Amino acid sequence: MAGIPEYDFKKIEEKWSKIFAERKPASKAGGKKFYLLEMFPYPSGALHMGHMRNYTIGDTYKRFLEMKGMNVFYPMGYDAFGLPAENAAIKSGIHPREWTMKNIENMILQQKRMGLSYDWERMVITCGADYVKWNQWFFLKFLEKGLAYRKESSINWCPGCRTVLANEQVHSGKCWRCESVVESRKLEQWFFKITNYAEELLSALNELDWPAKVKSQQEHWIGKSEGVEIDFPLEEGGALKVFTTRPDTLWGATFMAISAEHTILEKIARDKKDEIGKLKASAAVQSEEEKEKFGVRLTTRAINPVNGEKIPIFAANFVLMEYGTGAIMCVPAHDKRDFAFAKKYGIPMWAVIAPEGRKPKDASLEDAYTDEGVLINSGDFSGLKSAEARKKISAALEKKGIAKIVTRWHLRDWLVSRQRYWGCPIPVVYCEKCGIVPVPEKDLPVLLPDDALFTGEGNPLDGSKTFREALCPKCGGASERETDTLDTFVDSSWYFLRYLDSKNTDKPFSREIADDWMPVNQYIGGIEHATMHLIYARFFTKALRDMGMLKAGEPFKKLLCQGMVLKDGGKMSKSKGNTVSVDDMLNEYGADTGRLFILFASPPEKDLDWSEEGVRGCSRFLTRVWKMLSLLSDSDGEKEIPEDSAKELRWMTAKTVRDVEEDLYGFRFNTAISSIQEFVNFIREMQERCGVFRGFGQSLKTVITLLHPFAPFMTSEAAEILRMDLGKFPGFSKTALERTVKEIIIEVNGKLRSKIPAGPEAEKDEIVNAALADVKVRNWTDGKEIKKTIYIPGKLLNIVTGG
RNA sequence: GCCGGAGUGAUGGAACUGGCAGACAUGCGGGUCUCAAAAACCCGUGGAGUAAAAUCCAUGUGGGUUCAAUUCCCACCUCCGGCACCA
């Protein structure tokens with residue numbers, strides 16, 4: 001072998017990124033199929049360290065699985081519609097498409113430099129005409145199946161920008177861009193009926209191998225609660241329907257509260273218009289701190305159906321119209337909110353639940369008792385426990401015909417209309433004669449017009465005549481096109497299905513291919529998508545399944561949420577000036593070092609603090625490995641070593657291979673790298689002692705192979721020099737793992753006192769005798785009674801003494 | 001307030017089903033090389049204690065279970081994340 005040049009990552013990475021780019025995904029027909037997916041990025045301009053962490057985890061895992069002989073599908077794409085592109089257009093006049101495509105180009109370049117081995121031929125870009133077409137096709141299908149519908153809804157309206165704002169664009173009640181006070185407006189909007197799937201979205205969480213954190217977040221988001229709807233008769237006639245999960249407290253209801261937007265106010269509070277108006281304003285404030293409870297007492301009273309008490313009704317600012325019936329029964333003795341309100345307005349409180357095993361406290365309540373207990377002062381139901389009472393009371397009321405057992409959900413239908421240009425157009429037209437008319441399938445896609453103006457005021461599509469004016473597909477008459485576009489979460493709800501069949505022009509994807517690969521075996525991405533994206537994609541998959549498009553009912557079988565990348569303990573941000581740019585990192589240290597550091601510094605699900613020193617450490621490690629190539633090439637043949645050392649080497653090799661493999665399967669990249677480092681330290685030590693020894697070259701090859709998924713560039717170059725194959729993950733000899741010589745730990749009363757050499761096959765008695773003869777042990781046992789001895793074969797002996 | 005997660009050297013973090021706490025790395029101290037520095041390499045590095053040992057203390061705090069607890073149980077403290085007037 002000729003002399004080995006110094007480790008020059010720039011040269012090596014340049015050379016191999018070209019080779020990697022030309023390399024077609026190998027056909028792995030025989031291998032077990034594995035769909036490995038990363039959350040695709042929004043093309044904001046350049047990738048940040050958070051992305052790189054996500055993709056490094058994925059790519060390392062992918063390369064490992066391939067070396068284990070699996071057939072891995074590993075695609076990448078771009079979530080290309082969205083607000084930032086439109087804002088860039090407003091600011092600098094560049095068209096959103098141009099801005100987006102340029103960014104994508106740059107990001108692909110960065111990903112290639114990083115050594116990410118995607119199947120680029122399957123790339124999906126959501127603003128492409130083909131993707132738009134199938135997106136719209138899904139919308140039409142949803143419409144057909146009753147999963148898409150229109151309804152009036154409140155939105156955040158900025159009077160300054162004359163546009164609708166998303167919740168996160170409202171900062172303490174003001175527009176993020178122009179600081180106008182945001183108004184609440186009613187607008188007809190499109191919705192997807194995700195609530196149809198509430199029950200399954202909740203129950204199927206059980207089958208998913210997802211972080212407990214994400215599952216519990218979704219559980220809360222869906223928010224199932226079982227209770228009763230009860231009619232409270234009104235003095236004036238008619239009734240007020242309320243929803244409660246605590247019918248066991250019914251006897252303690254001393255007032256009622258309704259939302260300021262409740263329709264009944266039209267009938268029973270016409271005289272209090274001004275006050276109700278004030279109340280509405282107060283209810284609308286989305287203050288950070290808890291709002292002061294505030295209400296307007298109505299002249300009518302309600303009658304508690306179980307005890308006939310006449311109780312006052314308030315329109316109150318703490319009652320939500322969107323949940324339940326918009327009206328509640330209030331039990332101040334057993335609910336914190338009702339308690340606060342009752343205190344303020346001097347409403348009586350009756351305790352009807354007593355903590356179990358304690359004497360009932362009465363009227364002089366310090367605070368609401370909200371736990372369960374035993375019923376008191378509740379007619380025939382007194383003495384029952386809460387849970388039982390709930391069942392019996394509900395049943396009794398239902399029998400009487402004044403109540404109904406119901407299940408309520410926090411989950412709301414998904415509002416998909418966005419008053420924006422840069423999104424997927426909703427394929428319907430409004431015809432004066434025919435009403436809402438879907439665009440026929442043959443006319444898809446409905447594409448965005450090129451003549452829209454980006455002024456920052458209103459939806460640019462409203463100003464585009466060429467887009468707005470359309471002919472009704474039904475009657476052929478003049479009609480108007482829908483100018484709302486779809487929420488970009490729609491785009492990301494099925495992109496993983498399109499990857500599988502990205503060139504299909506007849507369908508969004510073929511069922512056979514989908515059934516072959518779905519569900520995704522491993523999904524990797526940020527925790528910030530715990531509720532939105534991850535719940536929408538689940539809903540989409542279920543809806544598509546019910547439309548017969550695929551078998552799988554869940555999109556992502558296993559999920560890994562990687563932690564954030566921090567700098568100096570804080571989130572990287574431009575305003576703090578603590579960002580680390582991907583390009584700088586690549587230029588200064590190279591992709592291999594960057595990848596290694598990202599994986600080594602912290603387990604993937606934890607936050608990672610970027611440390612320049614740590615990066616340098618990883619760079620040093622790679623250089624040290626590289627130098628071993630020179631040692632080998634400069635040597636004049638491997639020297640024999642004693643059998644002891646050879647045995648130790650065989651053991652160390654087997655242990656390292658096994659540990660790295662196990663760690664990689666379990667996403668423990670940090671400990672996998674530690675193991676490789678330990679092995680390298682071991683070889684170098686032995687080399688220093690014995691020179692280039694028999695087995696040095698083989699050990700070096702093992703290191704290069706194990707390191708390949710982490711540092712693909714350097715190891716590819718090294719493999720070329722060593723004329724070795726990187727295609728297979730090494731195996732290991734189980735017999736080499738069995739160590740014959742071992743020490744046994746000797747403890748006295750649980751404290752380490754000595755170690756004695758002994759094999760795992762040694763009898764307990766032998767060990768005990770040897771231990772008791774040991775001087776260090778005798779210091780602690782002499783003159784004491786030996787109470788008992790515990791022996792863990794091959795590991796440890798604990799001698800318990802008395803006195 | 002509720003739900004989830006985490007607290008281990010100066011730092012990032014190891015310790016697999018309860019069995020040698022601190023692997024691996026960073027930083028720091030010392031050394032080799034050098035005119036000098038950087039790089040590289042070698043040695044040391046939880047705290048107290050000692051001439052060196054021995055020994056004692058130590059995984060957020062306080063209890064418990066156990067021959068044995070970073071690991072299991074109970075209570076509490078702190079930090080991070082999510083939800084938050086959902087009746």
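Small disclaimer: the values here were computed from a predicted structure and weren't measured. Letters A, B, ... are given to chains in the order of the sequence lines, protein chains preceding strands, and every chain is numbered from 1.
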Inset, instruction - Would you kindly give the CG-to-P distance between A:Asn681 and B:A23, to the nearest whole Å? - result: 12 Å
Inset, instruction - Taking atom C1' in both B:U66 and B:A53, compute the distance separating them and give it to the nearest angstrom. - result: 33 Å
Inset, instruction - Can you figure out which of B:C42, B:G12, B:G19 approaches the side chain of A:Glu688 most closely? - result: B:C42
Inset, instruction - Run the ring-centre check on A:Phe341 versus A:Phe255 and record whether the distance is less than 6.0 Å. - result: yes
Legend entry - Centroid separation A:Phe191 to A:Trp414 less than 6.0 Å: no
Legend entry - A:Arg778 with A:Asp774: basic N within carboxylate O range, under 4.0 Å: no
Inset, instruction - Considering only atom P, compute the distance from B:C85 to B:A15 and round it to an integer number of Å. - result: 41 Å
Legend entry - Between P of B:A87 and CG of A:Leu320, the distance in whole Å: 10 Å
Legend entry - Pairing residues for A:Ile405 by the side-chain contact (heavy atoms from CB on, under 4.5 Å) criterion, not counting sequence neighbours: A:Val228, A:Ser394, A:Glu398
Show the distances under 3.5 angstrom between N or O atoms of the protein and N or O atoms of nucleotides 65-67 of chain B.
unit_1, atom_1, unit_2, atom_2, d
B:C67, OP1, A:Lys788, NZ, 3.3
B:C67, O2', A:Asn798, ND2, 3.2
B:C67, O2, A:Asn798, ND2, 2.5

Legend entry - Touch class at under 4.0 angstrom, heavy-atom based, for A:Arg624 against every strand present: sugar-phosphate
Identify the pairs formed between an N or O of the protein and an N or O of nucleotides 54-57 of chain B at a distance under 3.5 Å, and give each distance.
unit_1, atom_1, unit_2, atom_2, d
B:C56, OP1, A:Arg753, NH2, 3.3
B:C56, OP2, A:Arg753, NH1, 3.4
B:C57, OP2, A:Lys751, NZ, 3.4

Legend entry - Nearest-neighbour nucleotide for the A:Ser674 side chain, B:C24, B:A87, B:A14 considered: B:C24
Inset, instruction - Flag the pair A:Lys10 and A:Asp8 as a salt bridge only when some basic side-chain nitrogen lies within less than 4.0 angstrom of an acidic carboxylate oxygen. - result: no
Legend entry - Rounded distance in Å between the C1' positions of B:C67 and B:G13: 31 Å
Inset, instruction - For A:Tyr7, check side-chain hydrogen bond (donor to acceptor under 3.5 Å, both in side chains) against everything at least two apart and list the hits. - result: none
Inset, instruction - Report yes or no: is the cationic atom of A:Lys764 (NZ for Lys, CZ for Arg) closer than 6.0 Å to the six-membered ring centre of A:Tyr791, at no more than 45° off its axis? - result: no
Inset, instruction - Could you list all the salt bridge (Lys or Arg N to Asp or Glu O under 4.0 Å) pairs where at least one residue sits in residues 665-683 of chain A, not counting sequence neighbours? - result: A:Asp663-A:Arg668
Legend entry - Whole-angstrom distance between B:U17 and B:G12, as gauged at atom P: 24 Å
Legend entry - Toward the 5' end of RNA chain B, by each residue's nearest nucleotide, A:Trp409 or A:Lys213: A:Lys213
Legend entry - Under-4.0 Å salt bridge between A:Glu605 and A:Lys213: no
Please list each protein N or O that sits under 3.5 Å from an N or O in nucleotides 44-49 of chain B, with the distance.
none

Inset, instruction - Check every atom of B:C41, B:A25, B:A87 against the side chain of A:Ile328 and return the nucleotide holding the closest atom. - result: B:A87
Legend entry - Residues forming a side-chain hydrogen bond (donor to acceptor under 3.5 Å, both in side chains) with A:Lys606, sequence neighbours excluded: none
Inset, instruction - Can you sort out the partners of A:Phe597 under ring pair (Phe, Tyr, Trp, His ring centres under 6.0 Å), two or more places apart, ordered by chain and number? - result: A:Trp610
Legend entry - Test: A:Glu219 and A:Lys224 ion pair at under 4.0 Å: no
Inset, instruction - Measure from CD1 on A:Ile405 to P on B:A87 and round the result to the nearest Å. - result: 17 Å
Inset, instruction - May I ask you to check whether A:Phe314 and A:Tyr345 place their ring centres under 6.0 Å from each other? - result: yes
Inset, instruction - For A:Phe710 and B:A25, give me the distance from atom CZ to atom P, rounded to whole Å. - result: 15 Å
Legend entry - Among A:Leu298, A:Ile311, A:Ile328, A:Asn304, side chain to side chain contact (heavy atoms under 4.5 Å, CB included) partner for A:Met256: A:Ile311
Legend entry - Nearest-angstrom distance from the residue atom CG of A:Asp338 to P of B:G1: 19 Å
Legend entry - Distance below 4.0 Å between A:Thr245 side-chain N/O and B:A87 OP1 or OP2: no
Inset, instruction - Round to a whole Å and report the spacing from CZ of A:Arg620 to C1' of B:C42. - result: 14 Å
Legend entry - Sugar-phosphate only, base, or nothing, as touched by A:Phe600 at under 4.0 Å among non-hydrogen atoms: base
Legend entry - Any pair counted as salt bridge (Lys or Arg N to Asp or Glu O under 4.0 Å), so long as it reaches residues 609-628 of chain A, sequence neighbours left out: none
Legend entry - Gap in Å between the two P atoms, one belonging to B:C73 and one to B:A6, rounded: 12 Å
Legend entry - Any donor-acceptor N/O pair under 3.5 Å between B:C85 base and A:Lys293 side chain: yes
Inset, instruction - Give the rounded distance in Å between these two atoms: CD of A:Glu528 and P of B:C83. - result: 12 Å
Close N/O contacts between protein and nucleotides 15-18 of chain B (under 3.5 Å):
none

Inset, instruction - Indicate, with a heavy-atom threshold strictly under 4.0 Å, whether A:Gly324 touches base, sugar-phosphate, or nothing. - result: nothing
Legend entry - Residue mapping more 5' on RNA chain B - nearest nucleotide basis, A:Met564 or A:His220: A:His220
Legend entry - Any residue meeting side-chain contact (heavy atoms from CB on, under 4.5 Å) with A:Gln677, in chain and number order, not counting sequence neighbours: A:Phe600, A:Phe621, A:Ile673
Inset, instruction - Give the rounded distance in Å between these two atoms: CD1 of A:Ile353 and P of B:A87. - result: 16 Å
Inset, instruction - Could you go through the side-chain hydrogen bond (donor to acceptor under 3.5 Å, both in side chains) check for A:Asn749 and A:Thr801 one step at a time? - result: CA-CA 7 Å; A:Asn749 294 327; A:Thr801 68; 3.1 Å; yes
Inset, instruction - Starting at the 5' end of RNA chain B, write a dot or bracket for each base, bracketing those in Watson-Crick or G-U wobble pairs whose two distances are under 3.5 Å and using | for partners on another strand. - result: (((((((..(((......[....)))((((((.......))))))(((......)))..(((((..]....))))))))))))....
Inset, instruction - When you get a sec, tell me which of B:A25, B:A87, B:A40 is the closest nucleotide to the side chain of A:Ser225? - result: B:A87
Legend entry - Inter-nucleotide C1' distance (B:G82, B:G29), Å rounded: 45 Å
Legend entry - Whole-Å P distance, B:G44 and B:C35: 28 Å
Legend entry - Parallel, tilted or perpendicular, as decided by the 30° and 60° cut-offs, for the rings of A:His334 and A:Tyr369: perpendicular
